[in-house]
Amino acid sequence: MPEGHTIHRLARDQRPLFVGERLRVSTIMERFADGAALLDGRRLAAIDAYGKHLFYDFEDDVFLHVHLGLYGRVRSGHEPAPEPVGALRVRMETKASWLDLRGPAACDLLSPSERDAILARLGPDPLRADSEPERAYARIRKSRVSLAQLFMDQSVIAGIGNIYRAEILYRHGIDPFAPGTSLERATFDAAWTDLGKLMRAGVRAGRIVTTDPADRPKANGRVARGSSFYVYHRTGEGCRRCGAIVQSTLVAGRTLYWCPREQPSKA
DNA sequence: GCTAAATGTTGAT
DNA sequence: TCAACCTTTAGCT
């Protein structure tokens, strides 16, 4: 699930339930026992999302930092909370609501300066109003690394993941193997704006859909199963626009998907 | 029921 | 470049 849209959606949904409340915090995992004890009974001042990072800002300058990684999940609901089963890392509760966190890559207590250090290594986040896309373009334009890699790098663009990476490059006809130095300003600007739109739609829908209606099979208002993406996870299938066979290969340990005709190499 | 893969990152080699 | 980490699910049998 978790690209940036998931994280921002969690923050948005959790705020009205938990911010301003004094929380009961517990765990059934030894590794977070100390953390839970330290947080238990504290008031939560804010919940913030930056890229794929979630920060729970507790009183007295204690931040709970959560990164879902590949497997992390959050469930929440109205009390009573279900019987805890499996590896439940954190449960937070108010009188009315509960929230369970499982399988996160990161779940740590941080000081303000430790939190700032994490923020300092993140690029602009398309989902944040205060983001500065110029920073991303400056990084890309002076790098000879491939655009495929740059568009997954959290220090270049925070919150983008493998699906949005593949899909945004496709939507703008960008050759994923071209170096950062080759990306024209106008192409970047269009891709950035588009990425913001797609990710905001992802926050609203709770899932990623990058295909335009005209490129999807007809369905009554809904996005039909399996028609959400242009190239992601479509290796060997026909491109939705030109019919060319969608390709995939491993780039820096992650599978990159692209259409060789819509995203041609200029070299 | 089992295996592999997955929308991610870190740290060692 | 690769393994490790943590969990769920899809696709087999």
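Predicted, not measured: the structure shown is a model, and the values here were computed from it. Proteins come first, then strands; the chains are lettered A, B, ... in the order of their sequence lines, and each starts at number 1. Only heavy atoms go into these numbers, but all of them, side chains included; no hydrogens, no water, no symmetry mates.
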(request) Assess the pair F177(A) and W258(A): is the distance between their ring centroids shorter than 6.0 Å? (result) yes
(request) For dT7(B) versus dT1(C), give the span between their C1' atoms, rounded off to a whole number of Å. (result) 22 Å
(message) Rounded to whole Å, how long is the line connecting atom CE of M152(A) with atom P of dG8(B)?
(response) 5 Å
(request) Kindly say if R121(A) contacts the phosphate of dT10(B), meaning a side-chain N or O under 4.0 Å from OP1 or OP2. (result) yes
(message) Over all strands shown, is A87(A) touching base, sugar-phosphate only, or nothing at heavy-atom distances under 4.0 angstrom?
(response) sugar-phosphate
(message) Measure NE2/H67(A) against P/dT7(C) and give the value in whole Å, please.
(response) 17 Å
(message) Let's see if you can work this out: which of dT8(C), dA6(B), dT7(B) has an atom nearest to the side-chain heavy atoms of I163(A)?
(response) dT7(B)
(request) For Y230(A) and dT7(B), give me the distance from atom OH to atom P, rounded to whole Å. (result) 20 Å
(message) Does R31(A) reach a base, just sugar-phosphate, or nothing at all? Heavy atoms under 4.0 Å.
(response) sugar-phosphate
(message) Can a donor-acceptor pair be found, under 3.5 Å and without considering hydrogens, that links the side chain of R139(A) to the backbone of S155(A)?
(response) yes
(request) Using the P atom on both, measure dT10(B) against dT8(C) and round to a whole Å. (result) 22 Å
(request) Nearest whole angstrom, please: distance from the P of dC6(C) to the CE of M29(A). (result) 7 Å
(message) Less than 4.0 angstrom from a charged side-chain N to a carboxylate O is my criterion; do R241(A) and D212(A) meet it?
(response) yes
(message) Nearest to the side chain of K52(A), heavy atoms from C-beta on, is which of dT9(C), dC5(C), dT9(B)?
(response) dT9(B)
(request) Say whether, by atom type as modelled, one donor and one acceptor occur between the side chain of R9(A) and the main chain of R204(A) under 3.5 angstrom. (result) yes
(request) Compare side-chain N and O positions of R254(A) against OP1 and OP2 of dG8(B) and report whether any pair is under 4.0 Å apart. (result) yes
(request) Tell me which nucleotide among dT8(C), dG8(B), dA6(B) gets nearest to the side chain of Y232(A). (result) dA6(B)
(request) Take E184(A) and T187(A), measure what side-chain hydrogen bond (donor to acceptor under 3.5 Å, both in side chains) needs, and give me the verdict at the end. (result) CA-CA 5 Å; E184(A) 289 176 23; T187(A) 308; 4.7 Å; no
(message) At 4.0 Å (heavy atoms only), tell me whether Y164(A) reaches a base, stays on the sugar-phosphate, or touches nothing.
(response) nothing
(message) Taking the P atom in each of dC6(C) and dG1(B), what is the distance between them to the nearest angstrom?
(response) 25 Å
(request) Send over the distance from R165(A) CZ to dG8(B) P, rounded to a whole Å. (result) 9 Å
(request) Would you mind reading off the distance between H53(A) atom NE2 and dG8(B) atom P, rounded to a whole angstrom? (result) 12 Å
(request) Would you please confirm or rule out a distance under 4.0 Å between OP1 or OP2 of dC6(C) and any side-chain N or O of R73(A)? (result) no
(request) Mind calculating the distance between NE2 (H5(A)) and P (dG8(B)) to the nearest angstrom? (result) 10 Å
(request) Report the nucleotide, chosen from dT9(C), dT7(B), dC5(C), that has the shortest atom-to-atom distance to any side-chain atom of Y71(A). (result) dC5(C)
